[in-house]
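What follows is one structure encoded as structure tokens, with my remarks underneath.
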Amino acid sequence: QVQLVESGGGLVQGGGSLRLSCAASGRTLNPMGWFRQAPGKEREFVAAISWSGGNMFYADSVKGRFTISRDNAKNTVYLQMNSLKPEDTGVYFCAKRTRGSSLSGRYTGANEYDYWGQGTQVTVSS
């Protein structure tokens with residue numbers, strides 16, 4: 001049974017930083033991703049990382065501000081968020097893909113992932 005547990009969310013002022021963590025159980029050499037969902041909106045892609053950590057992909061809205069990384073020895077994926085804006089507010093979910101994967105690990109659609117965490121709330125005040 002795969003379990004993903006996010007942590008690190010909270011309330012922060014605009015321009016501030018937060019670091020989200022996603023602790024995963026089971027085999028962890030899989031592509032992982034972060035998504036977010038604001039109230040009344042669909043879940044959207046934020047960032048993805050290949051199983052080795054060698055390839056990272058970002059939504060245009062977060063490029064240059066967010067960094068995804070992973071520590072496979074700790075079974076953990078991180079999302080460092082800097083220069084936060086009120087429009088970054090939402091519930092952040094980590095996701096794991098366990099089906100077959102390409103070498104690039106570029107998966108940006110929610111339907112390309114197989115397991116999800118419960119989410120962690122990020123609120124950015126103006």
**Message:** Within 45 degrees of the ring normal and closer than 6.0 Å to the centroid, is that where the cationic atom of Arg97 sits relative to Tyr113?
**Reply:**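 Ring-cation test returns no.
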
**Asked** Is Arg43 close enough and on-axis enough to Trp116, meaning under 6.0 Å and within 45°, for cation-pi?
**Response**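 Cation-pi check for Arg43 and Trp116: passes.
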
**Message:** Taking Phe57 as the starting point, is it possible to reach Met32 by hopping between hydrophobic residues whose side chains are less than 4.5 Å apart?
**Reply:**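 No, because Met32 and Phe57 fall into different hydrophobic clusters, even though each may have its own neighbours under 4.5 Å.
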
**Asked** Under 4.5 Å between side-chain heavy atoms, hopping through other hydrophobics if needed: is there a path connecting Phe66 to Phe45?
**Response**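 No; Phe45 is not reachable from Phe66 via cluster members.
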
**Prompt:** Cluster partners of Tyr78, using ILVMFWY side-chain heavy atoms under 4.5 angstrom, listed by chain and number?
**Reply:**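 Answer for Tyr78: none, a lone residue.
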
**Request:** Might you point out which heavy atoms bring Leu29 and Arg70 nearest each other, and give the distance in Å?
**Result:**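 So the two residues come closest at CA-NH2, 4.4 Å.
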
**Item:** Side chain Asn30, main chain Arg99, donor-acceptor under 3.5 Å
**Value:**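 No, the answer is negative, given that no donor and acceptor are paired below the 3.5 Å cut-off.
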
**Heavy-atom donor-acceptor pair, Tyr107 side chain to Ser50 backbone, under 3.5 Å** =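 Looks like no, no N/O pair under 3.5 Å.
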
About how many Å separate [atom2] of [Y] and [atom1] of [X], when rounded to the nearest 0.5 Å?
X: Leu18; Y: Met81; atom1: CG; atom2: CE; result: 4.5 Å
X: Leu84; Y: Thr123; atom1: CG; atom2: OG1; result: 11.0 Å
X: Arg106; Y: Met56; atom1: CZ; atom2: CE; result: 13.5 Å

**Prompt:** Taking Val122 as the fixed residue, which of Leu79, Val91, Leu20 is the one that meets the side chain to side chain contact (heavy atoms under 4.5 Å, CB included) rule?
**Reply:**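 Among Leu79, Val91, Leu20, the one meeting side chain to side chain contact (heavy atoms under 4.5 Å, CB included) with Val122 is Leu20.
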
**Request:** Go through the steps to decide whether Lys85 and Asp88 satisfy the test salt bridge (Lys or Arg N to Asp or Glu O under 4.0 Å), and finish with yes or no.
**Result:** CA-CA 5 Å; Lys85 305 175 181 180; Asp88 294 318; over 6 Å; no

So, [X] and [Y]: side-chain donor and acceptor under 3.5 Å apart, yes or no?
X: Asp71; Y: Thr76; answer: no
X: Ser17; Y: Asn82; answer: yes
X: Glu87; Y: Thr89; answer: no

**Verdict with supporting geometry, Val77 and Trp34, side chain to side chain contact (heavy atoms under 4.5 Å, CB included)** = CA-CA 9 Å; Val77 175; Trp34 285 97; 3.6 Å; yes

**Request:** Begin with the C-alpha distance, continue with both residues' side-chain angles, and end with the deciding distance and a verdict on ring-ring contact (aromatic ring centres under 6.0 Å, His included) for Phe93 and Phe35.
**Result:** CA-CA 5 Å; Phe93 301 88; Phe35 289 74; 8.8 Å; no

Residues 3-13, side-chain donor-acceptor partners within the protein, below 3.5 Å, at least two apart:
unit_1, atom_1, unit_2, atom_2, d
Glu6, OE1, Gln118, N, 3.1
Glu6, OE1, Gln118, NE2, 3.4
Glu6, OE1, Gly119, N, 2.9
Glu6, OE2, Cys94, N, 2.9
Glu6, OE2, Gly119, N, 3.3

**Item:** Test side chain to side chain contact (heavy atoms under 4.5 Å, CB included) applied to Val62 and Arg36, step by step
**Value:** CA-CA 12 Å; Val62 307; Arg36 67 187 180 189; 4.0 Å; yes

**Contact check, side chains of Lys96 and Val2, non-hydrogen atoms, under 4.5 Å** =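 Lys96 reaches Val2 side chain to side chain.
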
